[in-house]
Amino acid sequence: MPSLTCPKCQAQMQEGFIPELGHLNNLMASRWSAGAPPEPRLLVQFLFRPSYNKMPPVVTYRCPACGYLESYARQAAPR
C-alpha cells in the first residue's frame with residue numbers, strides 16, 4: 001500500500017501491525033475475519049475455527065503526530 005496521510009492532522013503515517021501472541025507465544029500480526037467473534041467455548045473454538053492462513057493479514061498505519069490508527073485487511077495469499 002502507498003504511504004498515507006493522516007486524515008486528522010495531515011502528517012505522514014507509518015506502516016506497522018498490532019501484535020498478537022500465538023501458539024507458543026510466537027509474535028504475529030492480527031488477522032481479519034468476517035462476522036462476529038464466536039462465543040468463547042473451548043470445544044467449539046477448536047472444532048469450528050476458520051483456517052488462519054485463509055484470513056487476510058491486517059496492516060495498521062499510525063500517525064506519529066496525533067496517534068490516529070487506520071487498519072486495512074490485505075489480500076490473503078492463496079492456499
Discussion item. Measuring only between side-chain heavy atoms, which start at C-beta, is P57 closer than 4.5 Å to S30?
Written reply: no
Worksheet item: Between CG of L4 and CD of E15, what distance do you get to the nearest 0.5 Å?
Response: 9.0 Å
Worksheet item: Minimum heavy-atom separation for L27 to P19, with atom names?
Response: CD1-CB, 3.2 Å
Discussion item. Checking side-chain polar atoms at under 3.5 Å, does T5 have a donor or acceptor matched by the opposite partner on Q10?
Written reply: no
Discussion item. Please report the interatomic distance OH(Y61) to OG(S71), rounded to the nearest 0.5 Å.
Written reply: 10.5 Å
Worksheet item: Distance from C6 atom SG to R62 atom CZ, nearest 0.5 Å?
Response: 10.5 Å
Practice prompt. To the nearest 0.5 Å, tell me how far M13 CE sits from L69 CG.
Written response: 7.0 Å
Worksheet item: Does a side-chain heavy-atom distance below 4.5 Å link P7 with Y68?
Response: yes
Practice prompt. With rounding to the nearest 0.5 Å, note down the distance linking CD in E70 to NZ in K8.
Written response: 9.0 Å
